[in-house]
Number of protein chains: 2
Amino acid sequence: MPKRSYGQYCGLARALDVVGGRWSLLIVRELLVGPARYSELLAGLPGIATNLLAQRLRELEEAGVVQRMLDTESNGVAYMLTPWGVELRGAVGALVNWSTPLMITGPRGDAFRGHWLVVAVDSLLQHRRFQESATVGLAVDDTIVTVRVDETGARVELCGDAEPDTVFRGDPAVVLGLASGMLTVDQAMAGGELTGRREDLAAAFG
Amino acid sequence: MPKRSYGQYCGLARALDVVGGRWSLLIVRELLVGPARYSELLAGLPGIATNLLAQRLRELEEAGVVQRMLDTESNGVAYMLTPWGVELRGAVGALVNWSTPLMITGPRGDAFRGHWLVVAVDSLLQHRRFQESATVGLAVDDTIVTVRVDETGARVELCGDAEPDTVFRGDPAVVLGLASGMLTVDQAMAGGELTGRREDLAAAFG
DNA sequence: CCGCATCCTCATGGATACTG
DNA sequence: CAGTATCCATGAGGATGCGG
């Protein structure tokens, strides 16, 4: 009955009242990539229980972070972020950037989904500047993400129909190392993990 | 046995593995103002259970976010953020900014501590620009915070011995409204809640 | 006092089965 | 497919105790 709140007149506390629950921000992460069906959310959130996903979606919808929409393809429901929900990108990105040390040294064998790179690489490239413009594809497992940089900044998205002309295949850690600047292009390509034109990669992660 | 982890190779998930637990980020908020004793943390975190505070401090220390130090005054222990912990300021600030709508419309009667304004006002002023420089004091309850702005940005801190020459006394909501830009100086002073030289206030929250 | 540890109770989270 | 229902494990909140 009484939904648990911190009961503090403090911005951080009130924010956590809404998105501080377990799995809540991870659901937001999924929806930052784009609208998704319930089953897609389940697939993108390995480990979540079905009842929890349903409950969290209800809470986030009630709070005004998430809204339901009609999936025109299947005539079913899909979930998407409200404009206010999209504004969580900054907070999510800050946490992603902060966690870089944890991504380098942490445990192996964790679950991974290629589309997580969309939010992560975007955040990591956000505070970097680029002289040249470049568009490269990054293939991890069966997902291809497009990284497009120019003088105005970086944009990362899931690859749709139009594949970029240069696609690199590699390990998630290598991709994140490049994006965070912990790994140089030379180091990343040395292991032969990444294939393609070196100068394209250097421009995208310069 | 196994500390609860999301088990995802994702920056956000790994960050939440460390600071996603209940109360964790609020503890960080307290320490962003400065080092604090255990009892001070308890006072700044109304609602937390004593055992939880002890457990969270242990976890955060083990993760490298918090470190113990010697309190030279009392020869007791004090807690402070590590350099990596301080870097959470960006994420905390992003959540504070995001929560602005919740601070305007939310429930009344929540607990409040004056020093919470240090982190909040600092975050809210961070993305704003100022033509003139100004230093004003904001008094809420028995806490006075100093807001100092100039062309290079804003800095907010707890008022020590040297009180600023102009001190405004007001309601937390009015102060936050000013800092977020939701409230103009005229509106804030109209109710007579804030007293002092209007031009000083206008410069600090322009 | 201050800094916790213990104990107890109940709310929350997790796993799985089940249903419209 | 999109969730509920159920049941068990874990975690949080509150009071109290206790050593330094």
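This structure is a prediction, so every number in the text was calculated from the model and none was measured. Each chain gets a letter, A, B and so on, in the order the sequences are listed, and its residues count up from 1. Basis for what follows: all heavy atoms, side chains included, without hydrogens, waters or symmetry-related copies.
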Taking all non-hydrogen atoms of both residues into account, name the closest pair between B:C159 and B:P164 and its distance.
-> SG-CD, 3.4 Å
Any donor-acceptor pair under 3.5 Å linking the side chain of B:R56 with the backbone of B:G21?
-> no
When rounded to whole Å, the CZ to C1' distance for the pair A:R58 and D:dA5 reads 12 Å
Between A:N75 (CG) and D:dC1 (C1'), how many Å, whole number?
-> 14 Å
Any cation-pi pair here, A:R128 with A:F205, using under 6.0 Å and within 45°?
-> no
Rounded interatomic separation in angstrom, taking CG from A:L16 and C1' from D:dA12 = 16 Å
Between the side chains of B:T152 and B:D150, is a donor N or O closer than 3.5 angstrom to an acceptor N or O?
-> yes
Sort and list the pairs that fulfil ring pair (Phe, Tyr, Trp, His ring centres under 6.0 Å) and have at least one residue in residues 37-95 of chain A, not counting sequence neighbours.
-> A:W84-B:W98
Sorted by number, the residues of residues 59-74 of chain A with heavy-atom contact under 4.0 Å to DNA chain D = A:R68
Between CH2 of A:W23 and C1' of C:dA15 the distance, given in whole Å, is 13 Å
Strand contacts (DNA chain C) in residues 27-55 of chain B, 4.0 angstrom heavy-atom criterion = B:R37, B:Y38, B:S39, B:T50, B:N51, B:A54
Watson-Crick and G-U pairing of DNA chain C written in dot-bracket, each distance under 3.5 angstrom, with | for inter-strand partners | |||||||||||||||||||.
Measure the distance from OH on A:Y79 to P on D:dC1 and round it to the nearest whole Å.
-> 15 Å
Between A:R22 (CZ) and D:dT10 (P), how many Å, whole number?
-> 13 Å
Would you kindly compare B:G21 and A:G76 by the position of their nearest DNA chain D nucleotide and give the one closer to the 5′ end?
-> A:G76
Output all residues satisfying side chain to side chain donor-acceptor pair (under 3.5 Å) with A:E62, sequence neighbours left out; order by chain, then residue number.
-> none
Take the protein atom CG of A:L57 and the nucleotide atom P of D:dC1, then report the distance between them rounded to whole Å.
-> 17 Å
Check: A:L25 and A:L95 side chains under 4.5 Å, non-hydrogen atoms | yes
Pairing residues for B:L183 by the side-chain contact (heavy atoms from CB on, under 4.5 Å) criterion, not counting sequence neighbours | B:V174, B:Q187, B:A188
With a 4.5 Å limit on heavy-atom distance, are the side chains of B:Y6 and B:L12 in contact?
-> no
In terms of heavy-atom contacts, A:A154 and A:V149 come closest through CB-CG1, 3.8 Å
Can you tell me if the side-chain N/O atoms of A:R4 get under 4.0 Å from OP1 or OP2 in C:dC10?
-> no
Taking atom types as modelled, find out whether A:R29 and B:Q8 have a side-chain donor-acceptor pair closer than 3.5 angstrom.
-> yes
